[in-house]
Amino acid sequence: MTKEEQEKEETPKTSPADKTDDNDDDAAKKKKKKRVVVTPPCPPSVATAYILLRGALLGLLGVNQDDVDVSLMQPTYIKEKKPSAKFSINLGKKLGCGTIELPEDDDGQSALLQLLEDAVNRLLVQQDEEDKVKDISCCTMAKEIAVAMYGKGILNQSLKKLKNEDSVMVACIDSLVQCIPPAIPFVKPAKGINKIHIERGNHTQSLVNCSKKGKKAEVVIKFVVEEKEDSSAAELAESQGKVIAPDAKLLTKDIRLPEGQKLLEAQEEKSKQAEAAKKEEATATAAAKSSLAGEADNNKEEEEMVVTTTEVKGKIDYNKLVDDFGSKLIDKELLDRLETQTVGKGRVSKLHRFLRRNIFFSHRDLAALLGEVEAGRPIYLYTGRGPSSSAMHLGHLVPFLFTQWLQQAFDCPLVIQMTDDEKFLFKGSYTEEKGDNLMHYASLTIENARDIIACGFDREKTFLFSDLDYVGRMYPNIVRIWKAVTTNTIKGIFGFDGSNNIGTVAFPAIQAAPSFSSSFPTVFGGREDMACLIPCAIDQDPYFRMTRDVAHKLVPKSHKLGGKPALIHSKFFPPLQGATGKMSSSDSSSAIFLTDTPEQIKEKIMSYAFSGGQETKKQQEELGANLDVDVSYQWLRFFLEDDEELQAIKESYGSGSGDYWSTGAVKKRLIDLLQELVAAHQERRSKITDEEVKKWMKEREISVSY
C-alpha cells in the first residue's frame with residue numbers, strides 16, 4: 001500500500017452531523033475522481049484457441065505465415081460473459097496468398113469455415129487420446145529478436161507498434177504455429193478445452209471476404225470455447241528459460257494439415273469439371289450461333305409478354321403495359337413542369353438522360369407531386385433493393401442513378417429500403433445440418449449498401465435501412481395495411497395461392513409502409529403529411545397500386561395527395577442476349593456486374609451482346625442495323641450522356657454508313673464506356689468502410705428542405 005493509500009485508510013469517516021456542511025466539498029471531490037476501468041484478463045482457453053485457429057487456418061490453406069496480416073483480437077469474452085473472441089487474418093488480395101485459394105461462393109466459404117472448425121477439434125482429440133499433437137511451449141525475448149528469429153508473421157497489427165526492445169512472449173506448436181498470444185495458454189490444449197466452435201451466420205460473426213477482382217482477401221474468425229469443467233486446473237505454458245528453435249515449415253506454402261489436402265483435391269476436381277463444362281458450352285455456343293441470329297427475332301415476337309413482380313419475359317409493349325396497369329405516359333407538358341422545378345432552380349444543369357430518352361416513361365400522380373413542390377411543401381423519395389447477390393449489375397444501377405439525380409434536383413430527403421426479409425421469404429433455404437440462411441441475406445444487405453452509397457447520394461439527406469433491423473419502427477403502419485387489404489386482393493394482384501408461405505403473402509405491406517412518412521418518426525421529425533415519390537421499374541407498380549388504394553387510411557386529412565405515393569416508372573434494362581425481358585443476377589452471361597474486370601466486360605459484350613446488324617457487310621450497308629433489338633445501342637441509350645454522340649451513332653449504325661456502320665464499332669464504344677463507368681464505381685466503392693455503412697444506416701433525423 002502506498003503512503004497516499006495508507007493516509008486515506010486512516011482518515012476517519014465523515015459523521016452524519018458533518019455531512020450537510022461537507023456536501024459541496026464531497027461533490028467537488030467526486031467530479032475530480034477518474035473512473036478506473038479494469039479490463040478482465042484474457043482467459044487461457046481463449047488464448048489457446050486463438051493459437052490453434054491461427055495455425056490451423058494457415059496450415060489448411062498452405063500459407064507462409066510471413067505473408068499475412070493478423071488483426072488485434074477483439075475480447076468479446078468481456079461483453080458476452082463467455083470464453084469467446086474475434087480476429088481476422090488478411091491474406092493479401094483477390095483469392096489469397098495460399099496454395100489453396102479462398103472460395104468465392106457462399107457454399108464454399110461455409111465449407112471452409114466448417115473444415116477449419118473440424119481441424120482444430122481434431123487436433124484437440126488427437127492430443128487428448130493419441131498424444132500426437134505437441135504441447136504449447138512459450139519463451140520470452142525482445143520484440144526485435146523475436147521477429148528476427150521467427151519472422152514478422154508472429155505479430156498482429158497492435159504488436160507492430162511496440163518498440164524493438166519491448167519484451168514479448170512467443171507461443172509455439174511444432175509444425176503448426178508460432179505467434180504471440182493474447183495471454184498465457186495451456187500447455188496441453190486438450191486438458192482445458194473440450195471443443196472450439198466457430199460462430200457463423202451473419203456479418204457480425206465469421207466470414208470469408210474475397211473475389212477474383214477484390215483488393216482484399218480476408219478470413220474473419222469469431223469463436224467460442226467450450227471449456228472442460230476442470231480447466232482451471234490445467235497447466236499453463238509459462239515462459240521457458242531456453243529459446244525455442246524457429247520452425248522453417250511455417251515460412252513455406254506447404255499444406256500442413258490433412259484437411260488441406262482434401263480441400264486441394266476437391267478444388268482441383270472442381271476446376272477440371274468447370275473447364276470441361278466451359279469447353280462443352282463453347283462448342284454448343286458455336287454450333288448454335290448461326291441459327292440463333294436468324295431465329296432470335298421470330299422467337300421474341302412469338303414469346304408472350306409477361307410482366308409481374310416476380311417475372312418479366314417476352315417482347316415488352318410499353319403502351320399496352322401502361323393501359324393494362326392504368327398508369328399514364330409522361331408527356332411534354334409534364335416534362336416542362338419537371339424541368340422548371342429542377343433545372344429552373346439551378347440545382348441540375350439539364351433533365352436526366354433517362355427522362356430525355358423516355359426511359360422513365362410512365363407515372364402515377366407525378367403532376368400532383370409537382371404541385372406540392374411548386375407550393376413549397378416538403379416531399380421525399382423512396383426506393384429500394386432486394387439483396388439477392390453480393391454483386392449488383394448494371395440493371396440494378398439504373399434506378400439508383402436516377403434517384404440520385406432526383407435527390408439533387410429536388411434537394412429532398414430519401415429513404416432506401418433493403419428487403420433482406422423478402423429475399424429470404426421468396427428464396428431462402430433450410431437444412432437440418434445448417435439451419436436456415438436468413439443471415440446470409442442480411443450480410444448481402446451490407447455488401448449491396450456499399451454499391452448504393454457509391455452512387456453519390458447525400459448522406460445528410462439519406463436514410464438506408466434493412467427491414468430485418470428497422471421493421472419494428474414501421475410495424476404500426478404495416479398492421480394498418482394488413483387490416484385494410486383483404487387476402488383476395490393480395491391473391492388477385494400477386495397470384496399467391498395455398499402453396500405460398502405466410503411471409504410472402506404478408507410481405508407486400510412491408511414494401512408499402514415506407515410510402516408513408518409516419519413510418520419514419522425519427523427520420524422525418526414526426527411529420528406525417530409529406531408526399532412521397534417512388535422511382536422504380538414498372539414491374540414493381542402492383543405493390544403500390546395496392547398501397548394507393550388504402551393510403552387514405554394511414555394519413556391525416558391534411559395530406560394533399562390523400563396519402564397516395566406518386567410513382568415514376570422506368571423501362572426494363574435488357575439482358576445481353578436480347579432486348580426483351582430484363583437483366584437477371586442468376587445468369588452471369590446476361591449481365592455486366594459492378595465487380596467485373598475490364599477484360600470480363602469486353603469478353604461479355606463481344607461474345608453475348610445481341611446484334612441488330614445484318615449478316616453481311618453488303619446487307620449492312622444497304623439496310624443498316626435494327627436498333628430496336630441491338631443490345632449495344634440500347635445500352636448506349638442508358639449510359640452514354642452525350643446526346644449528340646448518341647444521335648451520330650444512331651444515324652451511322654442505322655444506315656450502315658459512317659464511323660459506326662458496323663456492330664464491332666458500336667460494341668467497341670460500349671466497351672470503352674462501361675469499362676470507365678464500372679472502374680469509377682469500383683474506386684468509389686473501395687473507399688466505403690463498414691463504419692461508413694453504419695453511419696448511413698443509423699436511424700437519425702435527416703435534412704428536410706422547404
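Judged purely by distance below 3.5 Å, without hydrogens or angles, the side chains of Gln178 and Asp247 never pair a donor atom with an acceptor atom. In this structure, a donor-acceptor pair under 3.5 Å is present between the side chains of Ser84 and Thr76. Side-chain contact check for Ser158 and Asn156: no donor-acceptor pair (N or O, by modelled atom type) lies under 3.5 Å. Counted by atom type alone, Asp467 and Thr419 present zero donor-acceptor pairs between their side chains at under 3.5 Å. Side-chain atoms of His197 and Glu117 include no donor-acceptor pair closer than 3.5 Å.
Checked options Glu599, Met606, Gln600, Lys604; the residue passing with Lys602 is Met606 (criterion: side-chain contact (heavy atoms from CB on, under 4.5 Å)). When each of Lys216, Lys152, Lys160 is tested with Asp69 by the rule side-chain hydrogen bond (donor to acceptor under 3.5 Å, both in side chains), just one qualifies, namely Lys160. Tested against Val208 for a side-chain contact (heavy atoms from CB on, under 4.5 Å), the candidates Gln109, Arg200, Glu218 yield a single pass: Gln109.
Ion pairing between a basic and an acidic side chain is recognised when a charged N comes within 4.0 Å of a carboxylate O; Lys249 and Asp254 show no such pairing. With salt bridges taken as basic N to acidic carboxylate O contacts below 4.0 Å, one links Arg450 and Asp690. For the pair Glu259 and Arg122, the salt-bridge criterion is met [side-chain N within less than 4.0 Å of a carboxylate O]. A salt bridge links Asp105 with Lys270; the closest basic N to acidic carboxylate O contact falls under 4.0 Å. A salt bridge does not link Glu227 with Lys82: every distance from a Lys NZ or Arg NE/NH1/NH2 to an Asp or Glu carboxylate oxygen is 4.0 Å or more. By the 4.0 Å N-to-carboxylate-O rule, Lys694 lies close enough to Glu691 to be salt-bridged with it. A salt bridge does not link Glu101 to Lys212: none of the charged side-chain nitrogens sits closer than 4.0 Å to a carboxylate oxygen.
In this structure, the side chain of Ser611 does not engage the main chain of Thr663 through any donor-acceptor pair within 3.5 Å. Looking at Thr99, its side chain does come within 3.5 Å of a backbone N or O of Lys253 through a donor-acceptor pair. A donor-acceptor contact shorter than 3.5 Å is absent between the side chain of Arg256 and the backbone of Ala56.
The closest side-chain heavy-atom distance from Cys139 to Met169 is not below 4.5 Å. Residues Leu57 and Ile89 have side chains in contact (heavy-atom distance under 4.5 Å, counting atoms from C-beta outward). Using a 4.5 Å heavy-atom cutoff, the side chains of Leu124 and Lys195 are not in contact. Side-chain contact between Val219 and Ser88: absent, with no pair of heavy atoms (C-beta onward) separated by less than 4.5 Å. Side-chain contact between Lys228 and Ile193: absent, with no pair of heavy atoms (C-beta onward) separated by less than 4.5 Å. In this structure the side chain of Val170 never reaches within 4.5 angstrom of the side chain of Cys179, judged on heavy atoms.
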side-chain contact (heavy atoms from CB on, under 4.5 Å) between Asp135 and Phe186, intermediate numbers included: CA-CA 9 Å; Asp135 295 346; Phe186 297 128; over 6 Å; no
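The shortest heavy-atom contact between Leu468 and Ala442 is CD1-CB, 3.9 Å.
Not less than 6.0 angstrom separates the ring centroid of Phe424 from the ring centroid of Tyr430. Aromatic ring centroids of Phe573 and Trp635 lie under 6.0 Å apart.
More than 12 heavy atoms of other residues, nucleotides or ligands sit less than 6.0 Å from atom CD of Gln261. Sparse packing is recorded around CD of Glu676, with 12 or fewer heavy atoms of other residues, nucleotides or ligands lying under 6.0 Å away.
Rounding to the nearest 0.5 angstrom, the gap separating the OG1 atom in Thr383 from the CZ atom in Phe457 is 7.5 Å.
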